[in-house]
Protein chains: 2
Amino acid sequence: MPTIYDVAKKAGVSSMTVSRVINGKRDVKPETREKVLKAIEEIGYVPNSLARSFVLQKTKTIGLVITDITNPFFTTLARGVEDTAMKNQFSVIFCNTDEDPEKELLYLEVLARKRIDGVILASASGKRAPLKSLLIKNIPTVLIDREIEGLDDLDVVKGDSVQGAYLLTKHLISLGHRRIGIIVGNRNISTAEDRVEGYKRALAESGIPEDESLVKFSQYSREGGYNSTKELLSLKNRPTAIFGGNNFIAIGALVAIREFELKVPDDIALVSFDDIESLSQVYPFLTVVTQPAYSMGVIAAELLIRRIEGRDKIEERRKVILQPELIVRESAGEKLAEGVRGEGR
Amino acid sequence: MPTIYDVAKKAGVSSMTVSRVINGKRDVKPETREKVLKAIEEIGYVPNSLARSFVLQKTKTIGLVITDITNPFFTTLARGVEDTAMKNQFSVIFCNTDEDPEKELLYLEVLARKRIDGVILASASGKRAPLKSLLIKNIPTVLIDREIEGLDDLDVVKGDSVQGAYLLTKHLISLGHRRIGIIVGNRNISTAEDRVEGYKRALAESGIPEDESLVKFSQYSREGGYNSTKELLSLKNRPTAIFGGNNFIAIGALVAIREFELKVPDDIALVSFDDIESLSQVYPFLTVVTQPAYSMGVIAAELLIRRIEGRDKIEERRKVILQPELIVRESAGEKLAEGVRGEGR
DNA sequence: TGATATACTGTTACCAGTAACGTAAAATTT
DNA sequence: AAATTTTACGTTACTGGTAACAGTATATCA
């Protein structure tokens with residue numbers, strides 16, 4: 001593969017002149033520029049950003065570490081990150097951790113070795129933070145969706161899980177539900193705790209006593225939703241509504257509910273944190289709280305890139321909290337509820 | 001950031017010895033290895049793969065160029081690619097072209113500059129192939145999902161679109177439909193042509209005359225599906241069934257159908273090429289032909305990596321064609337159809 | 001016991017760019 | 001016309017690894 005020296009020789013100039021032409025620097029006579037451009041064309045020269053990155057100590061690449069690109073929330077978020085990166089001439093390396101802290105660590109190590117300029121991280125590690133090692137190595141990092149305890153100096157872009165869960169729970173309560181099961185992810189993950197907190201706040205506000213058997217810290221996955229829902233449905237005093245802590249949990253819950261030969265919303269209500277766009281467009285059924293995933297990705301990427309480019313040198317740590325939105329559809333039995341509420345229950 | 005020389009000095013050895021330890025080469029005395037490992041630990045050394053890639057001329061990175069990660073088909077495919085890459089210690093840079101050949105070209109240029117080891121490409125360019133320039137530069141490439149005319153020497157992994165469309169059309173015909181509208185992507189894209197071909201083959205086999213007004217080369221997007229469906233529904237002689245050329249088109253079609261205040265499947269049948277997993281789990285309604293997207297990603301990545309590692313030196317170009325599967329659900333009016341067929345229509 | 005093989009470690013050169021500095025020629029100022 | 005500035009280049013050194021080769025010390029062999 002031809003190098004900058006091949007071009008230089010062909011054009012009868014030094015490699016520095018070629019370098020200047022490629023990088024659009026001034027200090028090159030127009031005729032010289034033409035000569036060089038022609039040589040590049042003829043030779044079919046493609047600059048080697050590897051070498052460039054190596055001397056400049058910047059790679060124009062960021063890492064995106066999420067749990068699963070297959071989750072529509074992260075898909076959309078990833079799209080926001082990529083679009084923004086692209087706009088700023090950055091590339092994105094993407095990594096799926098599957099909620100496995102070890103895999104996360106492995107990926108971060110790889111990314112650090114590649115000397116990426118920064119990381120956007122939806123961490124699976126939560127409280128235990130072995131990844132500290134990495135972050136200490138001074139890679140600019142923006143946490144997304146989830147916070148990490150003990151790393152309070154990092155930028156964060158996330159949704160307001162407490163408020164979202166509060167809204168959703170309130171909605172269920174307003175429809176007459178008093179026994180509401182909630183299923184969230186692993187206790188280590190900040191969103192899991194936050195969503196339970198919002199849920200409990202709504203209960204408290206309505207004077208409904210907490211029942212720990214209705215609160216399931218499980219996994220943010222279909223299996224998690226499925227298993228925990230079966231547990232909830234097997235309770236002597238079965239809940240009348242289930243709050244799926246994310247979209248995958250809600251899907252798993254639905255499968256379990258179907259297995260119990262129950263109907264949503266007639267026999268049991270089901271709501272979800274995070275929408276599933278492709279579903280809602282076809283079948284606007286699930287009542288959900290939705291987060292601006294795309295914006296989240298965009299904002300995180302912008303923040304990170306600004307940090308990388310050093311435009312934010314003086315600035316303090318940033319924490320961006322985006323507000324969720326309640327979208328009422330049918331899965332909580334809204335129509336039925338009209339009547340229930342009408343009876344002044 | 002510490003370098004290999006810092007480690008070497010600390011351990012009292014040469015940089016080569018450190019290099020050997022890092023890369024697990026033999027020829028290092030156990031005690032020396034220990035010394036080096038200790039120094040690495042103490043200094044917090046992270047190898048610089050940038051420098052390594054630079055001298056070794058390989059980056060352990062592949063590029064994944066698709067049209068839109070937001071499309072569940074590509075999401076799943078991407079996951080297959082990433083998992084396989086990860087397993088082989090490769091990273092993945094991902095790129096969304098939005099079916100824009102210029103963006104595609106831009107990305108390929110960036111990837112070439114980064115000296116990635118290979119590309120997996122779902123091209124938006126189709127017949128015009130400006131990307132030839134890139135491929136000529138000898139980057140191992142595997143085409144995925146779509147072929148490119150004139151580039152017959154590249155490996156391909158794709159679904160059998162002709163067969164898939166044939167199955168789906170046959171199914172509609174078996175349910176009594178004779179006027180079937182089909183909407184696919186841009187004519188440049190191989191899957192668009194293939195799907196129309198399969199559709200026509202099924203029609204011909206059943207002695208149904210072609211009607212070009214029922215064949216829409218549009219865009220593989222919701223808007224494409226939406227607009228073309230409106231056109232189809234505005235025909236004097238409206239089709240009784242619509243074949244969405246991919247999942248996004250089907251979603252757009254559904255929106256348009258709803259706007260016309262038509263019911264699926266009572267007033268009109270709708271089928272789709274490519275499933276939408278999160279939808280079908282919640283609401284198994286759409287009758288579809290589905291492709292093994294994950295496997296497609298895995299196979300493409302394996303093929304590419306084998307090529308990169310040179311294990312396939314002698315081997316000819318590979319073409320892997322995966323078979324689609326018809327999943328009959330409700331959106332083509334299957335139950336109703338029983339009756340229709342019963343009447344021997 | 002000397003010759004030869006083996007195990008281990010170091011030296012040198014190179015990968016493809018760019019920053020920083022240097023310099024000659026042209027342009028401008030005095 | 002000489003001095004000074006500006007323009008347009010070139011030279012050198014360096015980025016952090018590794019391949020290839022070169023030792024040296026120790027083990028094995030004839």
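Just so we're on the same page: letters track the sequence lines, and every chain starts at 1.
Pairs engaging residues 85-106 of chain A under the ring pair (Phe, Tyr, Trp, His ring centres under 6.0 Å) rule: A:Phe94-B:Phe94 [sequence neighbours left out]. Sorted by first and then second residue, the salt bridge (Lys or Arg N to Asp or Glu O under 4.0 Å) pairs with a member in residues 47-66 of chain A read A:Lys60-A:Glu309; sequence neighbours excluded. Legend: salt bridge (Lys or Arg N to Asp or Glu O under 4.0 Å) pairs involving residues 111-124 of chain B, not counting sequence neighbours, sorted by first then second residue: B:Glu109-B:Arg113. Residues in residues 3-24 of chain B take part in these salt bridge (Lys or Arg N to Asp or Glu O under 4.0 Å) pairs, two or more places apart or across chains: B:Lys10-B:Glu42. Applying the salt bridge (Lys or Arg N to Asp or Glu O under 4.0 Å) rule to pairs touching residues 22-31 of chain A yields nothing, sequence neighbours excluded.
Distance, B:Glu31 CD to D:dA25 P: 16 Å, rounded to whole Å. If you take CD1 of B:Ile22 and C1' of D:dT18, they are 11 Å apart, rounded to a whole angstrom. In this structure, the CZ atom of B:Arg113 is 16 Å from the P atom of C:dA16, given to the nearest Å. The separation between A:Met16 atom CE and D:dA8 atom C1' is 12 Å, rounded to whole Å. When rounded to the nearest whole Å, the span between CG of A:Asn23 and P of C:dA16 equals 17 Å.
For A:Thr191, the side chain to side chain donor-acceptor pair (under 3.5 Å) partners at least two apart in sequence or on another chain are A:Tyr220. Here A:Glu82 pairs with B:Tyr107 under the side chain to side chain donor-acceptor pair (under 3.5 Å) rule; sequence neighbours left out.
Put simply, A:Lys25 has no side-chain N or O that comes within less than 4.0 Å of OP1 or OP2 on D:dA8. For the pair A:Gln57 and C:dT18, the criterion of a side-chain N or O lying under 4.0 Å from OP1 or OP2 is not met.
Annotation: side chain of B:Ile4 is not in contact with side chain of B:Pro47 (no heavy-atom distance under 4.5 Å). For the pair B:Asn138/A:Met1, no side-chain contact is recorded, criterion being any heavy-atom separation below 4.5 Å from C-beta on.
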Review point. Where along nucleotides 4-9 of chain C does protein come under 4.0 Å, by heavy atom, of base (B) or sugar-phosphate alone (S), with - for untouched nucleotides?
Key: ----SB
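Heavy-atom distances under 4.0 Å link DNA chain C to B:Phe54, B:Val55 of residues 47-56 of chain B, given in residue order. Residues of residues 3-12 of chain A that place a heavy atom closer than 4.0 Å to DNA chain C, in numerical order, are A:Thr3, A:Ile4, A:Tyr5.
Direction of the helix axis in the helix from C:dT1-D:dA30 to C:dT30-D:dA1 shifts by 40° between the two five-pair termini, rounded to 10°.
Side-chain atoms of A:Ser190 come within 3.5 Å of backbone atoms of A:Glu147 as a donor-acceptor pair (strictly under, hydrogens ignored).
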Give the table of side-chain donor-acceptor pairs shorter than 3.5 Å for residues 62-74 of chain B, with sequence neighbours excluded, one pair per line with atom names and distance.
residue, atom, partner, partner atom, Å
B:Asp68, OD1, A:Arg79, NH1, 2.9
B:Asp68, OD1, B:Thr70, N, 2.9
B:Asn71, OD1, B:Phe73, N, 2.8
B:Asn71, OD1, B:Asn247, ND2, 3.0
B:Asn71, ND2, B:Asn247, OD1, 3.2

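Taking each heavy atom of B:Leu111 and B:Cys95 in turn, the nearest pair found is CD1-SG, 4.1 Å.
A:Asp155 and A:Lys319 are not joined by a salt bridge, as no carboxylate oxygen comes within less than 4.0 angstrom of a charged side-chain nitrogen.
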